[in-house]
Amino acid sequence: MAERFNPLEADAHWQKVWEERGTFHASDGSGRPFSYVLEMFPYPSGRIHMGHVRNYTMGDVLARTRRMKGFEVLHPMGWDAFGMPAENAAMEKKVHPGDWTWSNIDTMRAQLKRLGFALDWSRELATCDPSYYGHEQALFLDLFEAGLVYRKASEVNWDPVDMTVLANEQVIDGRGWRSGALVERRKLSQWFLKITDFAEELLDGLAALDQWPDKVRLMQENWIGRSRGLRFRFDLESPILGFAGFEVFTTRPDTIFGASFAALSPDHPIALALAEHDPALAAFIAECKQGGTNAAELETAEKKGFDTGLKVRHPLDAGATLPLYVANFVLMDYGTGAIMGVPGHDQRDLDFARKYGLTATRVVAPSPEEAAEPIGDEAYTGPGRLVNSDFLDGLTAEEAIRAVIARAEAESWGQGTIVWRLRDWGVSRQRYWGTPIPIVHCEACGAVPVPRDRLPVVLPEDVSFEMPGNPLDRHPTWTDVDCPGCGGPGRRETDTLDTFVDSSWYFIRFASQPKDRPFDRAEAERWLPVDQYIGGVEHAILHLLYARFWTRALRRIGRLDIEEPFKGLFTQGMVTHETYCGPDGGWLSPDEVERRGGRLVTVESGEPVETGRTEKMSKSKRNTVDPEPIVDQYGADAVRWFMLSDSPPDRDLEWSEAGIQGSWRFVQRVWRLASEEAERGPSSWLGAESGSGGDAGLTRKLHRTIAAVGANIESLAFNKAVANLYELATAIEKAPPSPARSEAVEAMVRLVAPMAPHLAEQAWSALGKEGLVADAAWPEADPALLVEDEVTIAVQVNGKLRDTLNAPKGASREDLEALALASDNVVRILAGKPPKKVIVVPDRLVNLVA
RNA sequence: GCCCCCGUGGCGGAAUUGGUAGACGCGCUCGACUCAAAAUCGAGUUCCGCAAGGAGUGCCGGUUCGACUCCGGCCGGGGGCACCA
């Protein structure tokens, strides 16, 4: 009787073998085709969680499968190691952020190794290591010298709790993405990367990313936000304070004859200038700045305006003038910070007009009958033809847009333009634990790059976190340096880079890591782009957009000829778990709860527990399950198998004890098949069967499984590949010993190897196979065996299934029709009447229309 | 408010181009082995019905010989954006 599979021994043994042999080291010179498989690298927060296990298992299955299929696979791992949790730990636990981070990395590295991932650890990197961020500083200077970096005093999102600036992307509903504190607006000098220079190519490039989820492409498209329209000039009736007029932007130039006012943003230069001479306006502007920026307040925020008393000239209606307001709903950082108000066809403008008694003229009508219909409580934004609009009357809205733009350009008071929603990327962070920006400020020379030979600019070790704010700001021995330009007194930039910069190029460094420069161009270009990138959908916009930008920026400055960093992208779902609410109303963790007599109770007191929603595992809901003890109990393979089973990989996976036990059973089942086969040996079937394989049915099943598993893994449908393997296992178990059965067991071990690699190695070795299954070739499906020679034909009457029958594959329509008509059920239902019509789909079905 | 996605057994989910709905797993039921349990193995498991048969992929309608699949309209759930002119 075969022994059970012992994962603890097998895991440790095979992990050691792989490591000693360097099995998963990627080599540049093998001559095999390259494949780069990458999962988003983790932030070293302390311990690996189930989400990591799921993410890295998926990548691992793909990497291992591709290796077996003959690819040279690059599958690296590293650490996104800068960031605020390290500083928070420093403040709370009085440890240095570096010590905290490196010790977390050690823990998590060991946990990842325990799962047996086929990673090339020789390329491991951590972004907090000067040997990484020094090269990042060099790349930053490259971009700086190419004019893609600039500094400007700008109003920023200031997080008063974390005492730092946040990117627009890091402000969620008006609150800091990390602290949750209400964000304030402050003016600071900030470093920016010119991502807007790339808006068009980043948008257009999405079309070619056909191996990305549509959802992510759409999200990026909306984020970049291209709007076509007309930018045109309103002249003031009489110039004031040196201003003769201003520009506005509209996507609806067709409605220009419906304009009944113009409005400036409270931050508009004209508004600010006027306010200096008008205390009432100044007060209004101050009031506008007060309002909260969170979603709920904006939703209900009243449209408010201040009438400047000034008038602007309508560019197409000689003699007509419009009142000029300052309005709270006009944004300074979109378009030109000024608008034309068309109440008839824009809801905000209509709300505003109703409040201030401005006219709302209809200039677009869905039908001629509705041309005279007045505008009610709702602005009309649908399609139609122009009315009340002079030379535009009768044109469709589309035609009118073109006509107005053409006229504006001909008369040079405006021009057709594209406006983007995307803003430049503010990368300054007033934090210690990040990449220092390699700039020295000098009274005489301004902002001077640190010379390349003095990189990296290393973070000082001796810092204190006793006070809030940036410790670098109060570290004179670090900040006070000579200006690299003139030698005079200088001061280091104390801002550090947004950690999204660190993750914008790590995939390049993985592919090529020379000591003296960020990467070797030729080597990096051999591996890139990443063939398959896998990670959470929460990075659908920020990280992925920044990495795309960074790659294109490197291309523009001639450093790397890669357009897109990630050819294939997959966003995996979360790992969820039930939540438990205890008798005192607090959340309970899964190990504080047990089932007694069909009821959930607390382990401690036996009091009843309520089951809450199934949600993403999180510390706050206390519904996390630590992978480590599970791996110790069931072994790496059962955990990996469970991560792949049942749920489609892009959907959420609910962790359950029953699920992991099911996986454990399958691991044992495969082991039983393999070890029994090994014990029996080839002699067992000799003479039992004659003929080549001895079991044609099983051989067919095997080859269909080989094809299906391969295809399903390639398309990342792991749950389907798992189902294929269950079916194969059942088929093998039911088959009597034969050469075909032996062959099927051996092939199944190889098919299982990417998912349950330790089990597969153990089985491979037990079967007496040479070498490692990790190095074995992926089984090949024989195309001849994929086609059935007999098929099941469905027999329908009026589209309802009435019978099934077997027929040879490729049977003629006439034969199938005759077979169907001979069916007892059909004879009974037709009751002697011939069918009116017969539809035959060869090899599939016969439908008789009675 | 705008944009997008998804609704299939008790549960997770399968189902080329429209062609036998419910593969596979979990759970459950019955049985075998066992003094017993665990483990394992076998049979069954969409619903109604003893059965014959009927119904069935969120709801209503349409196209079709035939619809989970295509079209229109609702209802429900989830995600993204946030006064973007």
Side-chain angles (χ1 to χ4, degrees), chain A residues 4 171-174 213-223 225-227 229-230 248-253 255 263 265 291 293-295 297-299 301-303 327-331 333-342 345-349 351-352 381 419-423 537-538 540-541 641-642 645-648 650-654 656-663 665-666 668-669 672 717 719-730 733 792-805 835-850:
Chain A
R4 304 185 87 199
V171 180
I172 295 151
D173 292 346
D214 290 341
K215 181 183 160 189
V216 174
R217 289 198 288 178
L218 191 71
M219 280 163 71
Q220 293 218 351
E221 197 179 309
N222 292 337
W223 190 264
R226 167 158 55 190
S227 297
L230 173 69
V248 299
F249 172 75
T250 176
T251 56
R252 293 295 304 276
T255 64
S265 163
T293 49
N294 67 57
E297 284 179 62
L298 281 178
E299 196 71 34
E302 206 180 340
K303 306 283 175 277
N328 67 345
F329 65 93
V330 182
L331 304 175
D333 55 0
Y334 181 79
T336 60
I339 60 157
M340 70 167 184
V342 184
H345 304 283
D346 181 290
Q347 192 58 43
R348 287 160 311 177
D349 295 351
D351 295 345
F352 189 83
T381 54
V419 165
W420 304 90
R421 205 194 83 108
L422 186 69
R423 313 286 151 79
V537 72
E538 66 274 19
I541 297 173
W641 188 263
F642 178 62
S645 308
D646 293 352
S647 287
D650 51 345
R651 288 203 213 164
D652 290 352
L653 170 71
E654 187 179 355
S656 73
E657 195 64 26
I660 182 70
Q661 280 170 13
S663 299
R665 276 200 290 275
F666 184 72
Q668 295 299 340
R669 228 174 124 193
R672 208 178 314 125
N719 57 322
K720 295 189 221 170
V722 163
N724 299 144
L725 287 165
Y726 275 119
E727 283 191 63
L728 179 63
T730 304
E733 281 165 351
T792 306
I793 304 291
V795 179
Q796 300 179 336
V797 177
N798 293 331
K800 283 196 182 206
L801 184 71
R802 295 302 180 180
D803 201 0
T804 59
L805 48 89
K836 287 189 195 122
K837 192 172 169 187
V838 180
I839 287 124
V840 181
V841 181
D843 298 334
R844 274 236 124 102
L845 64 72
V846 178
N847 188 13
L848 305 164
V849 184

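Lettering follows sequence order; numbering is per chain, from 1.
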Considering only heavy side-chain atoms of A/A723, the closest of B/A23, B/C65, B/G80 is B/A23
Please work out if A/S663 contacts a base, only the sugar-phosphate, or nothing of the nucleic acid, heavy-atom cut-off 4.0 Å. nothing
Sticking with atom P, work out how far B/A67 lies from B/G58, rounded to a whole angstrom. 15 Å
Quick one: is A/Y726 getting a side-chain N or O under 4.0 Å of the B/G25 phosphate, OP1 or OP2? no
Check this for me: does the side-chain of A/R423 come within 3.5 Å of the base of B/C84 through a donor and an acceptor? yes
From B/A23, B/G13, B/C26, nucleotide with atom closest to A/S647 side chain: B/G13
Search all heavy atoms of A/E654 against all heavy atoms of A/F642 and return the closest pair with its distance. O-CZ, 3.6 Å
Glycosidic class, syn or anti, of B/G9 using a 90° window around 0: syn
Could you work out the separation of B/U46 and B/G1 based on their C1' atoms and round it to a whole Å? 41 Å
Between A/D214 and A/R217, is there a salt bridge with N-O shorter than 4.0 Å? yes
Rounded to the nearest angstrom, tell me the gap between atom CZ in A/R348 and atom P in B/C2. 13 Å
Quick one: which of B/C84, B/G66, B/U20 gets closest to the side chain of A/Y334? B/C84
Starting at CZ of A/F642 and ending at C1' of B/G25, how long is that distance when rounded to a whole Å? 10 Å
Contact class for A/Q796 (heavy atom, under 4.0 Å): base, sugar-phosphate, or nothing? base
Are A/R665 and B/C26 close enough that a side-chain N or O sits under 4.0 Å from OP1 or OP2? yes
Answer yes when A/R252 and A/D346 have at least one side-chain N-carboxylate O distance shorter than 4.0 Å, and no when they do not. no
Between the OH atom in A/Y334 and the CH2 atom in A/W420, the distance rounded to the nearest 0.5 Å is 10.5 Å
Could you grab the distance from atom CG of A/L801 to atom CD of A/Q796, nearest 0.5 Å is fine? 6.5 Å
What interatomic distance, in whole Å, is found between C1' of B/G27 and the corresponding atom of B/C59? 30 Å
Expressed in whole Å, how much space separates the P atoms belonging to B/G25 and B/C41? 11 Å
Whole angstrom value for the distance that separates P of B/C84 from CE of A/M340: 15 Å
Taking only the side-chain nitrogens and oxygens of A/S227, find out if one of them lies under 4.0 Å from OP1 or OP2 of B/A85. yes
Do A/R669 and A/R665 have side chains that get closer than 4.5 Å, going by heavy atoms? no
Who does B/C81 pair with, Watson-Crick or G-U, both distances under 3.5 Å? B/G1
If only side-chain N and O atoms of A/R802 are considered, is one of them under 4.0 Å from the OP1 or OP2 phosphate oxygen of B/G54? yes
In whole Å, measure the gap between the P atoms of B/C6 and B/G61 for me. 24 Å
Whether A/W641 and A/F666 hold their rings parallel, tilted or perpendicular, with breakpoints at 30° and 60°: parallel
Taking a pair to mean Watson-Crick or G-U wobble geometry with both distances below 3.5 Å, B/G76 pairs with B/C6
Under a 3.5 Å limit on both distances, the Watson-Crick or wobble mate of B/G42 is B/C30
C1' atom, B/G62 versus B/A52: distance in rounded Å? 34 Å
Using Watson-Crick or G-U wobble geometry with both distances below 3.5 Å, tell me the partner of B/C11, or none. B/G25
Can you tell me how far apart CZ (A/R4) and CZ (A/R672) are? Round to the nearest 0.5 Å. 8.5 Å
Which residue lies toward the 5' end of RNA chain B, A/T250 or A/N798, if each is placed at its nearest nucleotide? A/N798
Would one find a side-chain N or O of A/K800 under 4.0 angstrom from OP1 or OP2 of B/U20? no
Residue A/I839, side-chain heavy atoms: nucleotide from B/C4, B/G19, B/C83 that is nearest: B/G19
Looking only at the side chain of A/R4 (C-beta and beyond, no hydrogens), which of the listed nucleotides B/U20, B/A39, B/A14 gets closest? B/A39
Regarding the side chain of A/P648, the nearest nucleotide among B/A14, B/A85, B/C41 is B/A14
Look at all strands and tell whether A/F249 reaches a base, only sugar-phosphate, or nothing, counting heavy atoms closer than 4.0 Å. base
Backbone N/O of A/V330 and side chain of A/S265: donor-acceptor pair under 3.5 Å: yes
Measure the distance from CD1 on A/I541 to C1' on B/C4 and round it to the nearest whole Å. 12 Å
NA contact type, A/V342, heavy-atom cut-off 4.0 Å: base, sugar-phosphate, or nothing? nothing
Here the distance between atom P of B/C24 and atom CD of A/E733, to the nearest Å, is 13 Å
Interatomic distance, A/R844 CZ vs B/G19 C1' [rounded to whole Å]: 6 Å
For nucleotides B/C47 and B/U63, find the distance between their C1' atoms and express it as a whole number of Å. 29 Å
Base, sugar-phosphate or nothing for A/T804? Non-hydrogen atoms, less than 4.0 Å. base
Between B/A23 (C1') and A/L728 (CG): distance, integer Å: 15 Å
Within less than 4.0 Å of OP1 or OP2 of B/A85, is there a side-chain N or O belonging to A/R421? no
Given B/G19, B/A85, B/G13, identify the nucleotide with an atom nearest to the side chain of A/L845. B/G19
Does any N or O donor sit under 3.5 Å from an N or O acceptor when you compare the side chain of A/K836 with the base of B/C65? no
Would you kindly give the CG-to-P distance between A/N222 and B/C3, to the nearest whole Å? 10 Å
Report which part of the nucleic acid A/N719 touches: base, sugar-phosphate, or nothing (heavy-atom distance under 4.0 Å, all strands). sugar-phosphate
Pairwise P distance, B/G73 and B/C2 [rounded to whole Å]: 15 Å
Describe the nucleic acid contact of A/V841 in one word from base, sugar-phosphate, nothing, applying a heavy-atom distance below 4.0 Å. base
